[in-house]
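Data first, discussion second: the structure below is written as structure tokens.
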Amino acid sequence: MNPLRRHSIDELAEVSGWTGGIRQGREWADVEQAVGIRCPDDCKALMSRFPSGFFRSAVNFNNPIDARVDLETFVRDDIHSVLESFDSPWALEGTGYRLFPEPGGLLPWANDTGGGVFFWRTSSEYPNQWPVVFWDRGTFEWNEHPGGMVEVVWEVLTHPGEDNILRMDLGYEEPILRVPSVHLGDGKWLPHAEYR
């Protein structure tokens with residue numbers, strides 16, 4: 001079996017066509033204190049380069065170090081509200097998964113446009129070894145990827161068929177990063193004012 005290839009942030013920027021940056025508003029130490037755990041290095045590298053947005057309209061994330069994102073709102077809506085929605089007997093039944101902050105618990109970091117959620121499985125004290133788990137709202141299935149955030153985003157951008165963590169055909173979407181935007185029709189998007 002071949003070891004999982006690690007892709008660089010530069011490779012991710014190139015394949016997604018991203019040439020912009022972020023408006024850093026806080027340090028990672030502030031984010032990690034607010035969340036209650038140390039974040040993986042690939043997450044920090046990705047968020048240092050990409051603002052909030054959608055990769056291939058399939059991985060929707062908010063960037064907690066970007067000045068355009070309120071940290072308190074991020075922690076409340078992107079973490080605690082998501083965890084609360086899975087805090088019921090049926091949600092994790094038969095999976096062996098637990099929710100953060102339990103040891104090894106699932107910690108959300110993004111969603112898809114259909115209500116699915118990307119989590120890290122905080123399986124050890126080493127964040128760089130956390131695998132990604134995806135919950136598909138349409139099928140209620142759980143899929144696990146051995147790589148981290150960057151590898152999952154790479155896969156979504158470069159595997160348009162059903163051989164990605166979402167197990168869906170993404171060929172109809174451009175493999176780009178789109179910042180938060182409003183759809184104008186005819187395939188056109190207008191970025192929110194703060195991202196123009």
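Since the model is a prediction, treat every value here as computed from it, not as a measurement.
With sequence neighbours excluded, the residues satisfying side-chain contact (heavy atoms from CB on, under 4.5 Å) with Arg38 are Glu32, Lys44, Pro127. Residues that satisfy the salt bridge (Lys or Arg N to Asp or Glu O under 4.0 Å) test with Glu174, not counting sequence neighbours, are absent from this structure. For Asp30, the side chain to side chain donor-acceptor pair (under 3.5 Å) criterion is met by no residue, not counting sequence neighbours. Remark: Glu155 pairs with His145, His159, Asn164, Ile165 by the side-chain contact (heavy atoms from CB on, under 4.5 Å) rule, at least two apart or across chains. Listed by chain and number, the residues in a salt bridge (Lys or Arg N to Asp or Glu O under 4.0 Å) with Glu141 amount to none (sequence neighbours excluded). Applying the salt bridge (Lys or Arg N to Asp or Glu O under 4.0 Å) rule to Arg178 yields no partners; only residues at least two apart in sequence or on another chain are considered. For Asp10, the salt bridge (Lys or Arg N to Asp or Glu O under 4.0 Å) partners at least two apart in sequence or on another chain are Arg49.
Remark: the backbone N or O of Asp66 is paired with a side-chain donor or acceptor of Arg26 at under 3.5 angstrom. Checking side-chain atoms of Asn63 against main-chain N and O of Val69 turns up no donor-acceptor pair under 3.5 Å. The backbone N or O of Ser8 lies less than 3.5 Å from a partner atom in the side chain of Glu11, making a donor-acceptor pair.
Atom CD of Gln33 sits in a sparse spot, with 12 or fewer heavy atoms from other residues, nucleotides or ligands closer than 6.0 Å.
Between Cys43 and Trp109 there is no side-chain heavy-atom pair separated by less than 4.5 Å.
Residue Trp189 is found outside any hydrophobic cluster, as its side-chain heavy atoms come under 4.5 Å of no other Ile, Leu, Val, Met, Phe, Trp or Tyr.
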Anything under 3.5 Å between a donor and an acceptor, one on a side chain of residues 179-186, the other on a protein residue two or more places apart or in another chain? List them.
unit_1, atom_1, unit_2, atom_2, d
Ser181, OG, Val179, O, 2.5
His183, ND1, Gly185, N, 3.2

Enumerate, atom names and distances included, each donor-acceptor pair closer than 3.5 Å involving a side-chain atom of residues 130-137, sequence neighbours excluded.
unit_1, atom_1, unit_2, atom_2, d
Trp130, NE1, Ser124, O, 3.3
Asp136, OD1, Gly138, N, 2.7
Asp136, OD1, Thr139, N, 3.3

Could you pull out every donor-acceptor pair under 3.5 Å between side chains of residues 96-105 and any protein atom, sequence neighbours left out?
unit_1, atom_1, unit_2, atom_2, d
Tyr97, OH, Glu144, OE1, 2.6
Arg98, NE, Pro103, O, 2.8
Arg98, NH2, Pro103, O, 2.5

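With hydrophobic clusters built from ILVMFWY side chains whose heavy atoms lie under 4.5 angstrom apart, Trp154 does not share a cluster with Ile176.
Between Phe61 and Phe118, a ring centre-to-centre spacing not shorter than 6.0 Å is recorded.
Sorted by first and then second residue, the side chain to side chain donor-acceptor pair (under 3.5 Å) pairs with a member in residues 86-95 read Ser88-Trp90; sequence neighbours excluded.
Nearest heavy atoms, Leu170 versus Ala58: CD2-CB, 4.1 Å.
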